[in-house]
Each structure stands twice: as C-alpha cells, then as structure tokens.
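Encoded as structure tokens, the structure appears first; notes follow it.
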Amino acid sequence: MPFFSSRRRILLPTLALAATSLLVAGCAASTTPGSAAEGTGDPVAGGEVTFARLSQSVTSLDPNDAVLTTVNAYTLDKIFDTLYALDESGAPQPSLATGYEVSADGLTWTFQLATGVTFSDGSAFDADDVVYSIDRHLEVGGALPLSAPITAVTAVDAQTVQVDLEAPYTPLLSELSIFSSSILPADLGGVDAEEFFTNPIGTGPFVLGGWDKSSGEITLERNDEYRIEGLPYLDTVHLVVLDDDNQLVQQLQADQVQIIDDVPIANLEELQANADLSVQFVDSWNSDVLYFNTSTDVFGDEAVRRAVAHAIDRTALAQATSFGSSTPATTYISPTIQYSDQNADVLSYDVDAAKAELTGSAHPDGASVTLTVDGGSQARAQQAQAIQSYLAEVGIQVEIKSVDNATFWTNFPAGDYDFALTTTIADTGDPDNVSGWQVQSSSESGAFNTRWTSDEANGLIADGRTTADGDERAAIYAQLQEIVAQQVPQLPLAYVAEIKATRSNVHGLQLIPNGTVRLENVWIAQ
C-alpha cells in the first residue's frame, strides 16, 4: 500500500508569488553543498542521537499488523531485516539473501541465504525462519499483504529457500524487500504474538531498548549480534514524535534532537544557511494527490473529474506551494518509479476546456462539494485554498474540511468524503505497487478508496505482474497511465522530494525513496 503521511509544508496563499531557486527536484540524492555530511573522515563508533518525526506514535511493531502507519513501518526496518533491501536509488539489494535464481517458466524462485547470521538473542538464522515469516505473511495478510500468487515456500536446506508460484510474478523481489516482509524467528521464538511484538527479536542493526507508549518515544540499542561487523556505529537511537514544524526546527537548532524528518519547506533556506546543520534530499516515490469518491453523484461523473483536472494549474501550484522543492505531477506513477511515462497524454491546465467539460456533464450549472484535507495544518489548508480558488473559476464551489491525520484515515477508507487531498508514498520502485493499490478496483483498497472501477485497468495490472521486464511491460504501464489520466479517478498534483536535516556532525544517514532512512551507517564526529 502506498503509505499516508501527515507531511506539513508551508504553502503560499497566492500562486502569483515566485518560488525560490532551490535546485532540489531532479537530484537522485544530494546534500546541501559544503555541509558536513559531505566531509571525509573515519567513522567513529559509539554515541547516541535523537531522531524526531512528525506523525502519530508507533502503535505496533508487527510488520503484518492490520494498521501500518508510516511511523510503524519506518521503525520496523531498524529491528528486522528482509531477504533483499532497497538502496538509496530504490533498487533491491542482497540482505539476508545473497542471491536468487528464477526458473525458465518464472514459477520457481530459489534464494540463497547468508551464513553466520544470528538473531539479536544469539539464536541462529536459517531457512526455517524465512519459510515461517513468508507463510505467516500470507496467512495474516495485514495492511500490506503479499500479492504474489505463492503456492509453497520450502526450506531446501538450511541456507536455501524455494518459493513456488501459481503464475509468473515479476514484482516478487520488490515485495520481499520492504518492511512488511520482515524476517522473524520461526514460531516467534516459542512465544505468542502479543509477547513477541512487545519486545521483538530480529536480525536488524538495532534492538528495542524501550517503548514509552504514552509519549511515543522508542529507544533503540545497538544489536551486538548484527551480521555486518562493526555496524551499527551508534550505541543508542531515540525515536521521538513532535507536534509541529516549529518544534522540529527549534529542537534541531538547539541540538535537542540531531535528526529530523519532514523538514518544513518554509524553513529550508534557514536550515541550509546554518553551518551547524546539514540538509539532505532524495527524489522520492511521494506524490501530493487529489482522490475522487466516484460513488458520489458529482464525482461519479467523469466529465466533472475531467473539468477539475483542466481547472488546476499544477505547474503553478507545485512551484508556489513548495518553494521549488517539488515538481508538477503528470501521471500517477512518479518519474522515479520504473516505467513512469512522462509523455502520457494528460489533461493540461485549460480553463475553457474545464468549463466545456462541466457544461457537457450532468452538472452543467456547477456543483458544491467538500474537500477533505489530511493535515489540519496551515500548510495543507493553504494548498486546499488554492484548489478552492481554481475550481470556483469554473463553477465548482468547494467547502474545505480539514481534519487530523487519524480522522482522515478513518473517513477516507470508509468513503466518507467527496474528494480528498493527501500525500501518498509508494513502497517500492516497481509500478505494480502503486498500480495495484491506487488503481486496481479489485484490490483491498478499492482503487485507493476512490471506488473507481475499470475492467481494462484491472486486466492491464494483472498483465503487468506476469510480464517480464522490458518493452512489453513498459507498454502495459504506459497504457494504464493514459487511462487513469483521461478518466481521472485521482489527480496527481506534485512529485515531492524527501528532505531530512541533521546536525552537521552527524554522518552516514541514508535516505530511501519510500521515505525511510537507514541508520546503521550513522556516526557522530567528535
């Protein structure tokens, strides 16, 4: 599932204001020039950092829990490993598996496992743990179930696992590379799930040192049994949840925290100019998106949705509301994801075309609708106000309903909205991930809560899963992107960069395009 996020961005109230000249978007990964993160020197072991995030508190450390928020997910990968893991470009790289082979018919995947690996309690890792973890994932499902048509998982020997499929499934490696596919000890080490996930055992770089459920703070301690000698460098990581942008910035500047997530755009230049701080960017799989409830009278009309798409100037919106740190969106597959078609025929900004679409709809005299906004922050409210202004020009009157993150993610899946504004984050760089969750009507999400149905799109998604990578698969996703662009069950507004900030003596932070960070290589200069 693409994750949801309560990202806060300070947005300008008028689109006439020029964006600042930050050269952020378009960089695969970059750091503020001259910052300490670019410095040289040997890593130093020891020390502790506090990592502050804006989100609700961690609710579960079960990778297959029924509810999987961003803060849950981005904690799991510190404690558990997966067979493969995503690198800074989003590509799967060997982790607990050292390699794999696929049979000629695509139905059998054989994974070779790393040797000498132990869990944090000292028990040995082997193929039985992989078999148990995949079988449990298939049985439990959770918020991010395995979609692969797996028929059997077998331990060939202690260091070899065979996965058999009913049909070829190209995205399998990507699915096994994300936190929901974490490898757990077989039978959870002989305890029940409640006990295990209160104090989980994993092969990741850190172990759970403490969990204050009232404050949301989690303490991670160095895993002395970690499979990579010398890592992690840090002894302790404190994961804390703060309420707003001001706290993030102030506590980073005061060295009360050393790493912050969700850097406020309005403070970006201020942070970049501070020699005591370092700002890092990576092109992400994030998109700001409008989702239409197609089961409603107004947005069940394709012509009305097309009118909205023509009415919003996405280029001006992206520039003015992100200070140049995001780019205007075209298709639902961001350009950092495989087979994104940035030449797709999308509905461009054209007020006359918007009015013509509305005239030809079942609502020729306009309509009144409610825009539900994920956030409750000034940033998101100002973005919504810009959309409200655009649509008023073509005869669509918008009432803005801004709700907190928890309320949004209660109402949105329940269909209690007309159209909704949020940020979604793809989990992997394979286009099946975002297509299956946001477009497929037969998926658990119901085309990401839009209730939009397209047999043609469903069929193409199924074909994309069984087609090997190459030109034929690219053509499938090009066709899918054009269908979505023309029928508009969702309207991508902007592709959003991941931006993190640290104290300048903090080195080695690795940003992953799905929003998480790797901490095992982080060290503190003395």
Side-chain angles (χ1 to χ4, degrees), residues 1-4 66-67 143 145 147 287-312 329 331-332 346-347 354 357-375 380 384 387-388 390-391 394-424 434-462 480-493:
M1 58 172 275
F3 286 114
F4 54 82
V67 178
S147 298
S287 298
D288 287 341
V289 186
L290 278 176
Y291 291 97
F292 300 94
N293 186 345
T294 64
S295 68
T296 65
D297 175 58
V298 175
F299 290 125
D301 189 327
E302 182 181 313
V304 177
R305 303 195 303 269
R306 288 173 59 89
V308 172
H310 278 306
I312 297 174
T331 78
Y332 74 92
V346 302
L347 303 180
E357 288 283 358
L358 199 61
T359 298
S361 75
H363 303 273
D365 298 323
S368 296
V369 293
T370 299
L371 173 61
T372 300
V373 180
D374 172 21
R380 200 62 103 179
I387 293 168
Q388 181 186 52
Y390 277 130
L391 298 189
V394 299
I396 300 174
Q397 305 306 314
V398 176
E399 176 187 352
I400 298 171
K401 179 182 179 182
S402 184
V403 299
D404 60 54
N405 189 256
T407 302
F408 184 94
W409 290 101
T410 298
N411 295 349
F412 182 46
D416 184 15
Y417 76 101
D418 291 336
F419 67 146
L421 172 62
T422 187
T423 298
T424 52
V434 65
S435 299
W437 197 260
Q438 290 187 223
V439 176
Q440 185 180 3
S441 61
S442 58
S443 71
E444 180 185 348
S445 75
F448 208 44
N449 310 309
T450 63
R451 279 68 174 169
W452 179 69
T453 299
S454 167
D455 291 340
E456 184 180 13
N458 290 342
L460 287 167
I461 290 170
L480 258 173
Q481 288 166 85
E482 186 151 333
I483 290 170
V484 174
Q486 292 296 315
Q487 297 187 26
V488 206
Q490 57 183 270
L491 183 66
L493 300 176

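Remark: the backbone N or O of T450 is paired with a side-chain donor or acceptor of T294 at under 3.5 angstrom. With hydrogens and angles ignored, the 3.5 Å screen pairs a side-chain donor or acceptor of Q388 with a backbone N or O of V398. Side-chain N or O atoms of Q490 include one that pairs as donor or acceptor with a backbone N or O of Q438 at under 3.5 Å. With hydrogens and angles disregarded, a donor-acceptor distance shorter than 3.5 Å links the side chain of N458 to the backbone of S441. Counting only distance, with no hydrogens or angles, the side chain of R306 and the backbone of Q486 share a donor-acceptor pair below 3.5 Å. With hydrogens and angles ignored, the 3.5 Å screen pairs a side-chain donor or acceptor of N293 with a backbone N or O of G415. With D301 contributing its side chain and S361 its backbone, the two residues share no donor-acceptor pair below 3.5 Å.
The OG1 atom of T370 sits 12.0 Å away from atom CD of Q397, with the distance rounded to the nearest 0.5 Å. Distance check: L371 CG to L290 CG gives 6.5 Å after rounding to the nearest 0.5 Å. Rounded to the nearest 0.5 angstrom, Q487 CD and E482 CD are separated by 11.0 Å. Summarising the geometry, atom CD belonging to Q440 is positioned 11.0 Å from atom OG1 belonging to T453; distances are rounded to the nearest 0.5 Å.
Partner of Y291 under the side chain to side chain contact (heavy atoms under 4.5 Å, CB included) criterion, chosen from L421, T424, L491, N449: T424.
Considering all non-hydrogen atoms of both residues, V346 and A485 come closest at CG1-CB, 3.8 Å. Taking every heavy atom of both residues into account, A309 and V488 meet most closely at CB-CG1, 4.1 Å. Contact detail for A457 and W452: the closest heavy-atom pair is CB-CH2, 4.0 Å. Annotation for V373 and F408: closest pair C-CD1, 3.8 Å, computed over non-hydrogen atoms.
In summary, the side chains of S435 and Y332 do present a donor paired with an acceptor at a separation below 3.5 Å, with no hydrogens or angles considered.
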_Candidate pair L391 and F419, rule side chain to side chain contact (heavy atoms under 4.5 Å, CB included), full reasoning_ = CA-CA 13 Å; L391 298 189; F419 67 146; 3.9 Å; yes
*Determine, step by step, whether V439 and I483 satisfy the side chain to side chain contact (heavy atoms under 4.5 Å, CB included) criterion, reporting the C-alpha distance in whole Å, the side-chain angles of both residues, the deciding distance to 0.1 Å, and the verdict.*
CA-CA 10 Å; V439 176; I483 290 170; over 6 Å; no
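A 4.5 Å side-chain heavy-atom check between E357 and V394 finds every atom pair outside the cut-off. Contact check for T423 versus D374: no side-chain heavy atoms found under the 4.5 Å cut-off. No side-chain heavy atom of L493 sits less than 4.5 Å from a side-chain heavy atom of S287. A 4.5 Å side-chain heavy-atom check between D418 and V298 finds every atom pair outside the cut-off. V304 is listed as a side-chain neighbour of F299, based on a closest heavy-atom distance under 4.5 Å. The shortest distance between side-chain heavy atoms of V484 and T331 does not fall below 4.5 Å.
Classification of the W409-F412 ring pair by plane angle, with boundaries at 30° and 60°, yields perpendicular.
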